[in-house]
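Below: one structure, written as structure tokens.
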Amino acid sequence: MRLSRRRILQGAGALSFAVASLRTGALAQTAPAAAPNTEMPPILFVHGNGDYDALWMTTLWRMESNGVARDRMLAINFTDPLARADDKVEQAGRSSTEDQRRELAAAIAELKRRTGAPRVALVGSSRGGNAIRNVIRNGGAGDVSHAILCGTPNHGVFATDDQPNNEFNGRGTFLRSLNAGESEVTPGVPFLALRSDGMDKYAQADGRFIGKPGVPTGVTVEGPELKGATNLVLGALDHREVAFHPRAFREIYKFIAGREPARVAIVPEQSIRLSGLVTGTPGGAPTNRPVAGATVEIFRVDPETGERRGGAVHRSKTGADGRWGPAQVEPAWPLEFVLTSPDAPTTHFYRSPFPRSSDVVHLRAARPLGPADKDAGAVVIMSRPRGYFGLPRDVVLFDGKAPADVKPGVPTDSAATLRFPAVDVGRNVVAQFNEERIVARAWPAAENRIAVAELTY
């Protein structure tokens with residue numbers, strides 16, 4: 001079978017799109033969101049290795065802004081999102097390919113039941129694409145209208161003769177079974193594979209990006225492509241951006257709807273309602289298991305100083321389901337979320353204004369203070385969950401300088417850390433990524449507190 005055509009989408013365009021939460025007043029003049037769209041199949045979003053469903057928040061907003069009803073979309077939250085080192089050997093806090101196949105199949109059945117639709121569209125980031133392919137290949141093709149794989153390592157993060165049971169080994173048992181045959185896709189389901197033009201750290205010929213510098217991986221930048229799929233190259237986007245960037249949204253929408261989206265920008269709502277889940281890292285592995293007994297407080301903060309404007313606008317304590325909220329806020333408010341979670345540092349999350357409501361504002365406490373922090377008066381982290389920091393591709397400034405712990409070239413880092421002396425406790429710290437700017441405060445590490453400037457875009 002011939003390879004499907006490949007379209008190259010030129011240019012990085014990291015600064016070219018409007019960020020609704022940063023210009024709420026301007027975007028309030030935008031045309032209203034499109035009328036509810038019932039022609040499209042329901043859409044199920046599938047996150048990647050170690051991640052959670054909250055990463056799809058901006059994609060959900062963009063879909064809603066194009067008339068896709070929120071109740072016709074679902075983002076799965078895998079219980080244990082990290083893959084096992086050996087897929088055949090049980091590992092605490094980690095999941096096998098079969099675990100993920102089973103959970104995804106149940107989510108498909110639930111979305112079909114909820115909507116009454118005969119088939120659903122599946123959109124996966126990274127490892128999420130493995131689960132999608134596994135479901136479709138093993139009996140689920142009749143339930144799926146479209147399959148979109150974003151940065152999925154379809155031919156492995158590495159392809160060697162060792163570690164045959166590693167899920168990410170292109171020569172391993174799992175991927176060889178998925179890729180067997182002349183076509184690498186399942187007949188009856190149209191596939192779209194989105195990849196980067198050389199900026200995906202998990203599609204590199206040199207092993208330095210997976211901790212083995214100088215060792216050939218056996219894969220190339222074309223690794224996420226599939227024979228029999230529509231394969232698109234999204235320019236200099238990184239491993240996560242090929243799922244969560246506005247340009248990725250455009251291609252996802254077009255493939256499912258068969259037409260251009262009416263808009264890519266997020267249309268703001270007048271009234272914002274937020275809620276989410278508190279999760280933890282038992283044994284050091286990030287899971288999506290709920291944490292009970294955690295307290296969540298929300299404060300409105302000054303956009304220039306990060307200082308609180310009044311008392312808490314919301315306070316709640318999680319029960320057995322780990323859920324917090326709902327909280328009512330305004331679309332122009334920068335926010336500070338304070339998470340006090342059992343056996344974890346008190347974490348102060350600083351966030352840009354939320355242009356739309358969301359029930360996936362999940363909170364996971366920052367990592368414990370460690371030996372590198374022992375002399376620090378305050379620890380502040382700059383985090384970008386939906387992408388990596390690319391230098392010199394992006395404008396990345398942390399307290400006025402390019403972060404020293406962000407490596408240039410292929411984007412590999414999604415977090416940067418600054419440590420301040422005790423004399424700087426209480427000062428403000430500016431985190432800048434392209435058009436998004438967040439002002440955090442430096443909280444005393446002596447009180448087991450960490451501040452996180454969490455970027456939305």
Pair Glu98 + Arg84, salt bridge at N-O below 4.0 Å: no
Should Arg72 and Glu64 count as an ion pair when the cut-off is N to O under 4.0 Å? no
Pair Glu167 + Arg127: basic N to acidic O under 4.0 Å: yes
List in chain and number order the residues that pass salt bridge (Lys or Arg N to Asp or Glu O under 4.0 Å) with Arg94, two or more places apart in sequence or in another chain; answer none if no residue qualifies. none
Considering only distance and modelled atom types, tabulate donor-acceptor pairs under 3.5 Å from the side chains of residues 48-59, sequence neighbours left out.
residue: Asn49; atom: OD1; partner: Ala83; partner atom: N; Å: 2.8
residue: Asp51; atom: OD1; partner: Arg240; partner atom: NH2; Å: 3.0
residue: Asp53; atom: OD1; partner: His362; partner atom: NE2; Å: 2.5

With sequence neighbours excluded, residues passing side chain to side chain donor-acceptor pair (under 3.5 Å) with Asp162: Thr160
All side-chain contact (heavy atoms from CB on, under 4.5 Å) counterparts of Pro342, not counting sequence neighbours: Val291, Ala294
Just so I know, are the side chains of Gln91 and Leu82 near enough to count as touching, which here means a heavy-atom distance under 4.5 Å? no
What residues form a side chain to side chain donor-acceptor pair (under 3.5 Å) with Arg171, not counting sequence neighbours? Asp161
Inter- and intrachain pairs under salt bridge (Lys or Arg N to Asp or Glu O under 4.0 Å), touching residues 321-337, at least two apart: Arg308-Glu336
If you look only at pairs with a residue in residues 266-280, which of them pass as a salt bridge (Lys or Arg N to Asp or Glu O under 4.0 Å), with sequence neighbours excluded? Glu269-Arg356
Residues forming a ring-ring contact (aromatic ring centres under 6.0 Å, His included) with Tyr202, sequence neighbours excluded: His239
Please output the side-chain donor-acceptor pairs of residues 442-452 that fall under 3.5 Å, not counting sequence neighbours, one pair per line with the distance.
residue: Trp443; atom: NE1; partner: Tyr350; partner atom: OH; Å: 2.8
residue: Glu447; atom: OE1; partner: Arg449; partner atom: NE; Å: 2.9
residue: Arg449; atom: NH1; partner: His348; partner atom: NE2; Å: 3.0

Hits for side-chain contact (heavy atoms from CB on, under 4.5 Å) against Ala415, two or more places apart or cross-chain, chain-then-number order -> Ile381
Which residues share a side-chain contact (heavy atoms from CB on, under 4.5 Å) with Arg419, sequence neighbours left out: Arg367, Ala372, Asp373, Ala376, Val379, Thr417
Report the residues that fulfil side-chain contact (heavy atoms from CB on, under 4.5 Å) with Pro164, sequence neighbours left out, ordered by chain and then residue number. none
